[in-house]
Amino acid sequence: MTTTKSVMKKLPEVTLAFWIMKIAATTLGETAGDLFSQTLKLGYFLTTIALFLVFVVTLVIQLRSSRYNPFCYWLVILSTSMAGTTMSDFMNRDASAKYLSNGATKLGWGPQGLGLGYPEGAAILVSLLLLIFLGWKLSGMTFQITEIVSFRGEALFWSAILVSNTLGTSMGDFLSDSSGLGYLGGAALVAGVLLVLVALMRVPAVPNVLLFWFAFVLTRPLGATAGDFLTKPVAKGGLDLGTAGSSAVLLAVLFGLMAYAQVQERRTAPAVGLEGEGPEAEAVRPHDAGRV
């Protein structure tokens with residue numbers, strides 16, 4: 001039977017390694033999403049459906065697990081990043097020459113996009129994310145990610161992750177394509193804001209949980225702009241490394257980090273009493289583990 005304490009350990013502690021893996025996963029989500037929808041010409045509609053199903057499968061595996069497994073957790077993060085990329089593109093883009101390059105008039109089967117534009121799409125996603133957080137707040141459950149102890153809490157957490165990654169894609173594409181900053185300028189702006197959030201961690205009046213969620217959202221546009229910088233043509237300010245090659249390298253990096261996290265988790269598991277937890281295990285557990 002899964003205990004409360006083992007459910008708490010289903011989500012990782014928030015460390016520097018956590019943020020490095022988050023940026024790697026979100027950058028890969030951008031390049032892999034573009035690989036399927038644009039390079040392979042499956043289109044935003046079909047790719048969104050396929051990647052959303054991948055997200056559901058990885059999420060079910062994560063929800064059914066009884067303890068924190070880095071591979072399970074980060075595969076869900078990756079799937080939300082990939083699905084978020086194509087969901088954002090489908091919401092914001094259309095079949096105009098502005099979005100379909102090389103003379104293409106169609107990508108894949110089905111509608112090419114809703115054409116809402118980045119500002120309106122972002123406004124919808126911000127509203128949806130705020131509604132999720134409002135429901136979360138009204139439920140009385142904690143926002144501390146390593147203290148989530150129920151299925152409903154995990155469902156709210158992953159709903160917020162999916163919407164925040166979709167929102168982050170819209171923000172990143174707006175910075176890259178429409179703001180005039182370009183890929184590097186957009187990435188530099190987001191990185192600067194993240195540094196401000198790091199500095200605010202030393203301000204007692206600012207809740208660290210709030211800073212965590214701001215940072216979680218903002219690492220997605222950082223990944224989006226970084227991914228575009230790697231894959232877009234040199235004429236547009238990118239390195240033109242291609243979506244396939246960039247995705248392969250980023251996947252290798254992410255899996256290497258996941259393997260390292262898995263080794264570290266196995267080393268620390270006995271100390272925090274993941275199996276058969278009792279009063280003795282609780283006594284040695286750091287009570288502030290995973291706080292952000």
Side-chain angles (χ1 to χ4, degrees), residues 1-15 17-33 35-36 46-87 132 136 141-166 168-169 216 219-220 223 247-248 250-269 272-277 289-290:
M1 181 178 67
T2 300
T3 67
T4 294
K5 300 180 187 62
S6 64
V7 174
M8 288 171 62
K9 194 53 184 169
K10 287 182 65 176
L11 301 177
E13 296 181 14
V14 181
T15 62
F18 172 92
W19 292 113
I20 293 174
M21 294 177 73
K22 172 63 164 60
I23 293 172
T26 53
T27 306
L28 175 58
E30 179 74 15
T31 60
L35 170 65
F36 291 116
L46 283 180
T47 307
T48 293
I49 294 175
L51 293 180
F52 187 82
L53 291 176
V54 171
F55 160 68
V56 171
V57 171
T58 58
L59 179 59
V60 168
I61 294 173
Q62 167 67 18
L63 292 175
R64 289 178 62 85
S65 66
S66 60
R67 56 179 290 181
Y68 169 58
N69 183 301
F71 280 95
C72 292
Y73 176 85
W74 288 104
L75 283 177
V76 186
I77 294 291
L78 176 59
S79 67
T80 62
S81 297
M82 293 191 298
T85 294
T86 55
M87 287 168 63
I132 292 173
W136 197 337
M141 291 181 288
T142 179
F143 286 98
Q144 297 281 4
I145 69 169
T146 51
E147 295 181 9
I148 296 173
V149 297
S150 67
F151 177 87
R152 186 172 58 164
E154 280 198 272
L156 286 168
F157 172 77
W158 288 113
S159 297
I161 297 301
L162 179 62
V163 176
S164 68
N165 278 335
T166 307
T169 302
F216 203 97
T219 49
R220 185 63 186 95
S247 297
L250 289 167
L251 184 63
V253 170
L254 181 60
F255 267 79
L257 292 171
M258 290 162 64
Y260 174 78
Q262 184 71 42
V263 172
Q264 292 297 103
E265 180 63 22
R266 287 179 177 176
R267 286 178 178 175
T268 59
V272 295
L274 290 174
E275 301 293 343
E277 297 199 25

Distance check, rounded to the nearest 0.5 Å: [X] atom [atom1] versus [Y] atom [atom2]?
X	Y	atom1	atom2	answer
L51	T85	CG	OG1	8.5 Å
I20	Y260	CD1	OH	10.0 Å
F255	L78	CZ	CG	7.5 Å
E265	M258	CD	CE	13.0 Å
S247	M82	OG	CE	9.5 Å
R64	F151	CZ	CZ	10.5 Å

Open item on the list: Using the ring pair (Phe, Tyr, Trp, His ring centres under 6.0 Å) criterion, which residues pair with F55? Sequence neighbours excluded.
Closed with: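 Residues passing ring pair (Phe, Tyr, Trp, His ring centres under 6.0 Å) with F55: F52.
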
Contacts of [X] that satisfy side-chain contact (heavy atoms from CB on, under 4.5 Å) - sequence neighbours left out:
X	value
L53	I49
A261	M21, P70
T27	I23, A226, L230, L250

TODO: Look only at the side chain of W136 and the backbone of T142, and say whether a donor-acceptor pair between them is shorter than 3.5 Å.
DONE: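 Here the side-chain-to-backbone pair exists.
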
Open item on the list: If we ignore hydrogens and angles and just use 3.5 Å, is the side chain of R220 paired with the main-chain N or O of T26 as donor and acceptor?
Closed with: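 Yes.
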
Open item on the list: Quick one, K22 with N165, criterion side chain to side chain contact (heavy atoms under 4.5 Å, CB included). Give me CA distance, side-chain angles, the key distance, then yes/no.
Closed with: CA-CA 11 Å; K22 172 63 164 60; N165 278 335; 3.7 Å; yes

Open item on the list: Against Q264, only a single residue in R266, R267, Q262 fulfils side-chain contact (heavy atoms from CB on, under 4.5 Å); can you say which?
Closed with: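 The option that passes is R267.
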
Open item on the list: Going by side-chain contact (heavy atoms from CB on, under 4.5 Å), M87 matches just one of T47, T169, L162, T80. Which one?
Closed with: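 Checked T47, T169, L162, T80 against M87; only one passes side-chain contact (heavy atoms from CB on, under 4.5 Å): L162.
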
- [ ] Fit a plane to each ring of Y73 and Y68, take the angle between them on a 0 to 90° scale, and name the class: parallel (under 30°), tilted (30 to 60°) or perpendicular (over 60°).
- [x]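 Rings of Y73 and Y68: perpendicular, over 60°.
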
Open item on the list: Among residues at least two apart in sequence or on other chains, which ones pass side-chain hydrogen bond (donor to acceptor under 3.5 Å, both in side chains) with T86?
Closed with: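 For T86, the residues satisfying side-chain hydrogen bond (donor to acceptor under 3.5 Å, both in side chains) (neighbours in sequence not counted) are T48.
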
- [ ] Apply side-chain hydrogen bond (donor to acceptor under 3.5 Å, both in side chains) to T58 and list each qualifying residue two or more places apart in sequence or on a separate chain.
- [x]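 T58 satisfies side-chain hydrogen bond (donor to acceptor under 3.5 Å, both in side chains) with S79 only.
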
Task: Considering all heavy atoms, the nearest Q62-C72 contact - done: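 In this case the closest contact between Q62 and C72 is OE1-CB, 3.5 Å.
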
- [ ] Flag the pair F157 / I132 as yes when at least one side-chain heavy-atom distance between them is below 4.5 Å, and no otherwise.
- [x]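 Side chain of F157 against side chain of I132, heavy atoms only: no contact under 4.5 Å found.
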
